[in-house]
Each structure stands twice: as C-alpha cells, then as structure tokens.
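Proteins get letters first, then strands, A, B, ... in listed order; numbering begins at 1 in each.
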Amino acid sequence: MKLDELVALLRRRGVLWPSAEIYGGTQGLYDYGPLGTRLKQRIEDAWQSWFLGLSEDYHLIQPAELLPEPVVRASGHLENFTDPEVTCGHCHAVFRAETVLEKVRPEGVDGLSPAEIGEIVTRHQLRCPSCGSTELTVPRPFNLMFGLDFGVTGRERVYLQPETAQASYLSFARMWDVGRRTLPLGVAVIAHAYRNEIAPRQVLFRMRAFTQAELQIFFDPTDFPVPFSDVADELLPVVRARDRLAGREEVRRVAARELAGAGELPEFYVYHMVQSYRFYRDVLRHPAERIRLFEKSDQERAFYNRIQFDLEVQLESLGGFKELGAIHYRGDYDLGRHGQGSGHDLSVVPTGRPRVLPHVLELTFGVDRNLWALADAHLTVEGDRTYWKLPSYLSPVPVGVFPLLKKEHGPAARSVAERLRSAGIRAVVDTAGSIGKRYARMDEAGTPFGVTVDGETVEAASPNHGTVTLRERDSRAQERVPIDRLAERLRPFFVPPRPGGTRAD
RNA sequence: GCGGUUGUGGUCUAGUGGUUAGGACGGUAGCUUCCCAAGCUACCUACCCGGGUUCGAAUCCCGGCAACCGCACCA
C-alpha cells in the first residue's frame with residue numbers, strides 16, 4: 001500500500017493522527033487513537049514476552065524520562081548530539097560542519113567551539129559544497145536534545161532523554177545490588193525518547209517523541225554463555241559491511257554457526273542476532289524474505305559500537321528496507337563514561353570471578369516504526385476486501401460479537417460478549433448494518449475472530465442451541481462452537497510467543 | 001534547514017472570481033435482512049490558519065502552519 005493510502009486508512013480507523021490536529025498539526029508528533037494505543041501495548045507486550053523470556057535475569061524497569069545535565073555530559077550526548085552547522089549565505093544550503101571541514105580537518109570537529117570552526121572556514125577559504133560560494137557563515141550550535149529549566153531557580157538544566165538506554169546504565173549499580181549479583185544482567189526499558197529532529201519525515205519513522213523498547217545486557221566479556229546450539233543452524237539473511245564495500249549489496253543467507261565461526265563474530269552476538277531475527281519472523285510475522293540484518297561499517301556506526309547490525313524490513317509504503325531495530329555491541333563505553341562522570345566505580349565482582357567493568361549488548365527496537373511496519377506488512381487488499389492480517393496476540397480487538405439480527409439476537413450477543421470478558425478476553429459487540437458489513441469492518445481493524453449469534457443459538461428446540469458461529473478473519477472459515485467452550489478455545493491465540501516456545505497459530 | 005508540489009466533510013474527490021459548495025465511500029437512526037460491504041428512508045460532517053486585492057475569494061496575491069517528493073540530516 002502506498003504511504004498516503006496507509007495514512008488515510010490508519011487515520012480513518014482511529015489508529016493514529018497528527019498531534020494538535022485542530023491547530024494544523026505539529027511536525028514530528030503523532031497521537032495514537034484507541035486502536036493504535038491497544039496495538040502499541042500489544043507490541044510492547046510481545047516484545048517483553050520474547051526478549052525478557054531469554055533469561056530470568058532480564059528485568060523491565062520504568063525510569064523518569066528526564067536526565068540531569070551531568071548525565072548527558074558523561075554519556076557524550078551534550079557534545080556529540082550537537083551537530084555544528086555551516087550555512088551558505090549565497091544559496092542558503094545548510095551543511096554539517098564535519099562535512100565542510102572534511103578535507104582540511106579529517107579528524108572531525110568534535111570538541112571544537114563554533115568560533116573555532118568559523119575560524120577554520122575563514123582561514124582555508126572553504127567553499128559551499130553546493131554552489132561554490134565562500135559566503136559560509138559562522139556555525140551556531142544545534143543540539144538535538146530538548147533542554148528544560150528544572151527547579152524553581154531555573155538555573156538547573158535537565159534534558160528529555162534522547163534514548164532510553166541511558167536509564168539502564170544509570171540503574172546498573174542499583175540493579176546489581178537488588179539482583180542476584182550475577183552477569184549477564186539485563187535491564188530493559190520501554191519508554192519515550194525525544195529528539196529535536198531537523199526534518200521529521202515519513203510519519204512514524206522520524207518523530208520528535210517516540211517510544212523505544214531496549215534491552216541492555218551487561219556481561220563479562222570473558223564469560224557470556226549462551227545456548228548456541230539452539231540457534232547454530234538458523235540461516236540469517238545478512239548484508240556484510242565488507243561485501244558492500246566490495247560492491248555486493250545483496251542479502252546472503254548464512255548459518256549462525258558460520259557467522260560465529262573462526263572467531264569472527266562472538267557467539268553471544270550471533271545468538272542475539274538469531275533471537276532478534278526470530279522475533280521479527282515468528283512473532284511480528286514479517287515474511288522471511290523481507291527481513292535482513294544489515295551490518296554497519298566502521299564509518300557508519302557510532303564510534304563506541306564495536307559491532308552493529310541493523311534489523312531492517314522491506315516496506316512497500318516507504319519503498320525499501322527500513323531500520324526497525326538494531327543489535328549494538330557497545331563495549332564498556334557506557335559504564336566507563338558514567339563511572340567517570342559520577343565518580344562511582346561501576347565495576348563489579350561476580351561470585352567466584354575477578355572484578356570486571358561489564359560490557360553492554362544493546363537490543364534496541366523502535367515501537368512506533370514497528371507499529372507502522374505491521375500495518376505495511378499485514379494490511380491486505382484483495383479486490384474490494386481489506387483485511388489486516390495481524391497475529392491474534394497483537395490485535396487491538398481480539399473478538400467481535402455480532403447478533404445476526406439486531407433485535408432478535410442482540411441480548412444473547414451481549415451476554416456472549418460479557419462471558420468472554422469475564423474470561424479475560426476483550427470482546428466488542430457490533431450491531432450496526434448487515435452482518436457482511438460488520439465482518440468487513442472487523443477485518444479492516446484486524447480482529448481475528450468473529451462470533452455470530454443466530455436463531456439456532458437462542459432457539460431452545462434447536463440442536464445447535466447454545467452454540468455460535470466462529471469466523472476466522474483470514475480464511476473466512478466458519479465453525480459451530482458451544483458458548484461454554486468459546487473462551488478456552490480462543491485463549492491460546494492471544495498469548496504472545498516466547499523464545500523456544502511453540503506457536504499457537 | 002533548502003528547493004519543488006499540494007492543502008475542500010471521517011476518507012477519496014468535483015468545483016479557476018458570483019454554486020443552496022456537488023458526488024462517492026463512510027457514520028448515525030429507522031425499516032428490511034437467518035452469515036460475508038445488498039436494498040429503502042432520513043440525518044451527519046468540509047473550503048488548513050491569518051492578512052490583502054475585489055462590489056464579491058474555496059478560487060488571485062502575501063505570510064504562517066502542515067503534508068508529500070528531492071537534497072541535506074538522522075550521537
């Protein structure tokens with residue numbers, strides 16, 4: 001589906017819309033409606049179920065979303081999240097200072113003040129890369145973090161967190177104390193991150209306020225055991241950085257054991273590549289051929305990342321592979337920086353092992369982007385039929401209950417819905433229009449099961465008394481099910497998969 | 001941020017200076033209907049915002065906001 005069509009559909013169904021829409025909207029901000037909010041919750045639940053299911057020592061925490069200035073200074077965001085800019089006075093193009101100064105200062109512009117950058121521009125008579133003019137103005141700093149006044153004096157500064165990972169690092173010492181004092185230790189966060197993006201684009205793909213689900217795994221680099229034999233045979237669709245540099249962009253399917261062979265990628269890293277890949281394939285149900293693990297080269301990845309593969313899915317609405325998550329091996333950069341910044345040594349002594357400053361493996365997941373991807377991948381148009389093939393455990397509304405005839409069967413339908421709700425299954429009753437129209441509405445909202453109450457349900461003399469029709473969304477197949485058995489019949493479909501578990505549907 | 005294009009009910013759209021701003025889909029209510037968007041009736045909802053030109057602006061001009069495409073950007 002094209003971008004515009006998808007946006008229109010999602011808006012019409014109340015999945016999402018621009019924030020402050022009655023004022024004309026606000027760039028980079030979106031609100032979720034009823035369906036979107038539920039879908040997002042279910043995506044987060046599925047993510048938790050999968051990734052926290054990897055170990056009993058992986059825990060979810062919920063941090064404040066404001067970071068005091070010393071934290072972002074230590075993390076590097078105060079200096080590195082600042083992109084010095086150079087503006088051309090002639091053609092008004094804007095460039096990163098790093099780009100303009102590339103030739104005369106290949107080591108980059110980190111640590112330079114705007115005045116120093118301006119001085120270099122003048123001294124070397126640098127020209128605008130676009131029009132060749134020398135009218136390049138002195139850059140002014142632009143930080144992608146939102147800074148806020150804090151406290152009554154207004155002199156303290158805090159920043160909206162630009163990534164949720166910092167919260168995990170900040171809590172590591174506490175988590176070590178309240179936990180079992182073993183490595184690996186996982187600290188997950190699902191929360192908003194905020195970035196003052198220069199150009200928000202593509203709806204949910206670059207927003208100024210967005211939700212990240214991230215798992216930071218702290219581990220001893222000399223000892224990170226994983227059940228590698230469980231994943232060794234998995235074929236991973238990878239694009240290696242060195243292949244790209246050699247001009248080969250295509251996906252290769254490589255066995256996990258081969259990727260980890262010859263000591264090239266650590267087993268713990270490949271293991272988590274597989275688990276991430278399986279999450280996209282088996283939980284979010286993206287077709288395997290649309291998923292790839294895209295390795296970032298030394299130049300492309302952040303300097304503290306030792307290994308980085310982005311998890312990308314091919315999206316029709318955005319015309320190509322898009323990054324929906326990533327696996328970052330960040331080394332000891334984060335705990336090292338915060339150890340220095342706070343003066344609180346973050347190295348630990350696991351039982352029976354020498355003192356170690358833990359390394360970090362980060363599994364990061366963009367919740368909003370993935371919500372979009374689920375619409376892109378699973379909203380299906382066939383002729384005049386539109387249905388959203390969401391996995392049942394992700395569907396905002398699991399069950400629709402319909403009286404075949406509004407008057408005659410309405411009370412019975414409401415009673416069936418109430419019984420499902422008592423059993424913990426959310427069910428909504430729809431009485432408007434014909435039965436076909438209600439099925440169509442339900443299909444478009446991604447509701448996997450329709451329950452129809454008809455004459456036989458309520459007619460005491462009928463052999464089908466007390467049974468209803470259960471309709472499955474994708475196949476449109478129908479079967480007769482006793483009301484008494486409905487909840488137990490449906491419940492397994494609403495449990496999100498866990499790693500190593502079996503699939504319900 | 002730069003350039004281009006665009007902005008009409010919830011959605012898609014007709015309307016190029018004077019229209020009761022039209023249609024389709026949709027929604028609501030009623031009738032009908034015993035299983036896949038049927039039909040009938042009624043109702044609902046719109047010219048992105050602010051200035052200007054004009055006797056008169058959805059329409060022309062300026063500014064703003066927003067979206068899309070390209071560039072740039074995306075620790």
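Side-chain contact between A/T467 and A/S462 is absent, with no heavy atoms from C-beta onward closer than 4.5 Å. Contact of the A/H286 side chain with the A/Q314 side chain is not registered, since no non-hydrogen atoms from C-beta on lie closer than 4.5 Å. Taking 4.5 Å as the limit, every side-chain heavy atom of A/L39 sits out of range of all side-chain heavy atoms of A/Y32. In this structure the side chain of A/L67 reaches within 4.5 angstrom of the side chain of A/P162, judged on heavy atoms.
Rounding to whole angstrom units, CG of residue A/L3 and P of B/C12 are separated by 12 Å. To the nearest angstrom, P of B/G70 lies 11 Å from CG of A/L318. Per the geometry, CD belonging to A/E362 stands 12 Å off P belonging to B/A75, to the nearest Å. Summarising the geometry, the separation between CG on A/L6 and P on B/C12 is reported as 13 Å, rounded to the nearest angstrom. Between A/R12 atom CZ and B/G26 atom P the separation is 9 Å, expressed in whole Å. Distance A/D430 CG to B/G27 C1': 12 Å, rounded to the nearest Å. Between A/R206 atom CZ and B/C71 atom P there is a gap of 12 Å when expressed in whole angstrom units. In this structure, A/Y23 atom OH and B/G50 atom C1' are separated by 15 Å, rounded to whole Å.
Nucleotides B/C71 and B/C44 are separated by 48 Å at their P atoms, to the nearest Å. Between the P atoms of B/C61 and B/U20, the separation comes to 25 Å (whole Å). B/A58 and B/U19 are spaced 11 Å apart, taking the C1' atom of each and rounding to whole Å. Using atom C1' as the reference point in both B/U16 and B/G27, the two lie 32 Å apart (nearest Å). Between B/A75 and B/U6, the distance separating the two P atoms is 34 Å to the nearest Å. As rounded to the nearest Å, B/G52 and B/A57 have P atoms that lie 11 Å from one another. Comparing the C1' positions of B/C25 and B/C65 gives an interatomic distance of 29 Å, to the nearest angstrom. Nucleotides B/G23 and B/G9 have their C1' atoms positioned 12 Å apart, rounded to a whole Å.
Two residues, A/D4 and A/N305, neighbour RNA chain B, and the one matched to the more 5' nucleotide by heavy-atom proximity is A/D4. Along RNA chain B, the nucleotide closest to A/E21 and the one closest to A/G28 are compared, and the more 5′ of them pairs with A/E21.
Residue pairs meeting the side chain to side chain donor-acceptor pair (under 3.5 Å) criterion with at least one partner in residues 9-19 of chain A, sequence neighbours excluded, are A/R11-A/E21, A/R12-A/E444, A/R13-A/E444, A/S19-A/D31.
A salt bridge does not link A/E418 to A/R414: none of the charged side-chain nitrogens sits closer than 4.0 Å to a carboxylate oxygen. The pair A/K437-A/D430 does not meet the salt-bridge criterion, since no charged nitrogen lies less than 4.0 angstrom from a carboxylate oxygen.
Defined by atom type and a distance below 3.5 Å, a donor-acceptor pair is missing between the side-chain atoms of A/D334 and A/Y304. No side-chain donor from either of A/R476 and A/Y387 sits under 3.5 Å from a side-chain acceptor of the other.
Closest contact between the side chain of A/R201 and the listed nucleotides B/G70, B/C68, B/C12 involves B/G70. Considering only side-chain atoms of A/A8, the nucleotide from B/U11, B/A67, B/A75 that sits closest is B/U11.
At a threshold of 4.0 angstrom between heavy atoms, the contacts of A/V203 are confined to the sugar-phosphate backbone, with no base atom among them. A/L9 comes within 4.0 angstrom of no nucleic acid atom, judged by non-hydrogen atoms across all strands. Note on A/A199: a base of the nucleic acid sits closer than 4.0 angstrom, heavy atoms only. Within 4.0 Å (heavy atoms only), A/R11 reaches sugar-phosphate atoms of the nucleic acid but no base atom. Among the heavy atoms of the strands, none lies under 4.0 Å from A/F402.
Between A/D310 and the options A/R369, A/R301, A/K322, A/K296, a salt bridge (Lys or Arg N to Asp or Glu O under 4.0 Å) holds for only A/K296.
A donor-acceptor contact under 3.5 angstrom links the side-chain atoms of A/E163 to the base of B/A75.
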Whether each nucleotide of nucleotides 32-39 of chain B has a protein heavy atom under 4.0 Å at its base (B), only at its sugar-phosphate (S) or at neither (-) is summarised, 5' to 3', as SBBBBBS-
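An OP1 or OP2 oxygen of B/C68 is reached within less than 4.0 angstrom by no side-chain nitrogen or oxygen of A/Q202.
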Determine, stepwise, if the pair A/R330 / A/E163 fulfils salt bridge (Lys or Arg N to Asp or Glu O under 4.0 Å). CA-CA 14 Å; A/R330 299 174 65 128; A/E163 60 174 11; 3.7 Å; yes
What does the 5'-to-3' dot-bracket notation of RNA chain B look like when only Watson-Crick and G-U wobble pairs under 3.5 Å count, and pairs to other strands show as |? (((((((..((((....[...))))((((((.......))))))...(((((..]....))))))))))))....
